[in-house]
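Take a look at the structure set out below.
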2 protein chains.
Amino acid sequence: MSLSRAKLTSNFPGCPVEATLSFLDGKWKGVILFHLMGGTLRFNELRRKLPSVTQRMLTKQLRELEESGLVSRTVFPVVPPRVDYALTPLGLTLRPVIEALAAWGEENVSCLPEGRYLGEVSDVSVTAAIKA
Amino acid sequence: MSLSRAKLTSNFPGCPVEATLSFLDGKWKGVILFHLMGGTLRFNELRRKLPSVTQRMLTKQLRELEESGLVSRTVFPVVPPRVDYALTPLGLTLRPVIEALAAWGEENVSCLPEGRYLGEVSDVSVTAAIKA
DNA sequence: CTGGATCCCTCATGATACTG
DNA sequence: CAGTATCATGAGGGATCCAG
């Protein structure tokens with residue numbers, strides 16, 4: 001992991017950036033939040049949005065986000081099981097942050113919303129990825 | 001670790017957030033960029049701003065930022081040695097992102113506002129002060 | 001469908017010492 | 001001052017199987 005686990009009680013001696021990033025720590029939190037900005041999602045819906053994350057990690061990251069108070073988890077006692085994930089009010093306040101991250105990525109990494117790439121991305125890996 | 005090392009060869013299937021975050025990956029990149037937003041800094045100046053990062057790590061993160069094209073490294077062939085670190089034009093485009101991160105941190109994590117950062121105080125005394 | 005439980009292993013980070 | 005060079009570590013993350 002990168003930053004200390006997100007705790008509001010943690011000691012971040014003077015760096016608000018570090019504090020915020022600690023909430024996004026972990027390999028997938030940012031992306032999860034990004035997708036949840038679009039509204040509530042079920043577990044498998046999230047899985048489909050994150051093609052390359054394992055089930056285990058998705059669960060783990062979601063639990064951590066829940067613990068941080070950014071994401072709410074609602075279990076419906078039905079068969080088959082259903083669990084909804086949504087942003088909490090606190091999570092929603094991250095919208096400007098996520099949007100800034102998304103905007104920069106779109107402008108500088110040539111990452112199309114549809115998943116296509118332009119520019120600097122290595123032809124090799126892209127080609128390989130597409131072939132796969 | 002959080003995200004895959006910032007390499008444009010990575011596969012970011014449609015998530016600009018993940019792409020951006022990959023540039024901030026590592027324990028200290030965000031904070032380094034944050035401080036460099038204030039202008040060029042020498043190596044030891046940065047060290048003083050990041051009380052808890054080891055020399056080795058600071059060097060490493062700076063090198064990675066340089067490789068990502070976000071930070072420039074200027075060596076002056078003088079004695080004693082002098083090396084300046086500054087944001088590149090690309091690095092400067094991250095300002096909105098860093099500012100969003102900082103703003104959120106200031107609002108949601110108890111952190112001193114407006115330029116005053118406890119970072120300059122040693123961890124020991126900060127911890128002691130909080131305990132008190 | 002939504003996870004929990006295990007095993008395993010890489011790698012990012014840390015501590016320390018040395019150098020031009 | 002601004003780094004390298006080594007060595008050690010442990011937690012993050014992947015794979016797989018099991019369960020209500």
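Note that the structure is predicted; figures quoted are calculated from it, not measured. Lettering follows sequence order; numbering is per chain, from 1.
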Would you say a side-chain N or O of [X] is under 4.0 Å from OP1 or OP2 of [N]?
| X | N | result |
| --- | --- | --- |
| B:Q55 | C:dA17 | no |
| B:R63 | D:dG3 | yes |
| A:K27 | D:dG14 | yes |
| A:Y85 | C:dG3 | yes |
| A:R47 | C:dT2 | no |
| A:R73 | C:dG3 | yes |
| A:W28 | D:dG12 | no |

Measure across [X] and [Y] and return the closest heavy-atom pair with its distance rounded to 0.1 Å.
| X | Y | answer |
| --- | --- | --- |
| B:F23 | B:L65 | O-CD2, 4.2 Å |
| B:L36 | B:Y85 | CD2-O, 3.4 Å |
| A:V17 | B:V31 | CG1-N, 4.2 Å |
| A:K49 | A:L41 | CE-CD1, 4.1 Å |
| B:L92 | B:P96 | O-CD, 4.4 Å |
| B:L24 | A:L21 | CD1-CD2, 4.4 Å |

Q: With axes from five pairs an end, tell me the bend angle of the helix from C:dC1-D:dG20 to C:dG20-D:dC1, nearest 10°.
A: 60°
Check the distance between [N]'s [atom2] and [X]'s [atom1] and give it to me in whole angstrom.
| X | N | atom1 | atom2 | answer |
| --- | --- | --- | --- | --- |
| A:L50 | C:dG3 | CG | P | 14 Å |
| B:E66 | D:dG3 | CD | C1' | 13 Å |
| B:D25 | C:dA12 | CG | P | 8 Å |
| B:L41 | D:dC1 | CG | P | 15 Å |
| B:M57 | D:dC7 | CE | C1' | 14 Å |
| A:F43 | C:dT2 | CZ | P | 7 Å |
| A:K60 | C:dT6 | NZ | P | 16 Å |
| A:L58 | D:dG12 | CG | P | 17 Å |

Q.
Applying a 4.0 Å non-hydrogen cut-off, can you work out what B:R42 is touching in the nucleic acid: base, sugar-phosphate, or nothing?
A. sugar-phosphate
Q) NA contact type, A:Q61, heavy-atom cut-off 4.0 Å: base, sugar-phosphate, or nothing? A) sugar-phosphate
(Q) Please evaluate residues B:T59 and B:R56 with respect to the criterion side-chain contact (heavy atoms from CB on, under 4.5 Å), reporting the C-alpha separation (whole Å), side-chain torsions for both, the decisive distance (0.1 Å), and the verdict. (A) CA-CA 5 Å; B:T59 301; B:R56 180 175 123 76; 5.9 Å; no
(Q) Counting only heavy atoms not in B:E107 (residues, nucleotides, ligands), do more than 12 fall under 6.0 Å from its CD? (A) no
Q: Check the pair B:E64, B:K29 against side-chain contact (heavy atoms from CB on, under 4.5 Å), reporting the backbone distance first and the verdict last.
A: CA-CA 9 Å; B:E64 289 175 8; B:K29 300 236 176 77; 2.7 Å; yes
Q | DNA chain D contacts made by residues 74-84 of chain B, counting heavy atoms under 4.0 Å | A | B:P80, B:P81, B:R82, B:V83
Q: Please state whether the base of D:dG13 and the side chain of A:R56 form at least one donor-acceptor pair under 3.5 Å?
A: yes
Q | Flag, side chain of A:R73 to backbone of A:R63, donor-acceptor distance under 3.5 Å | A | no
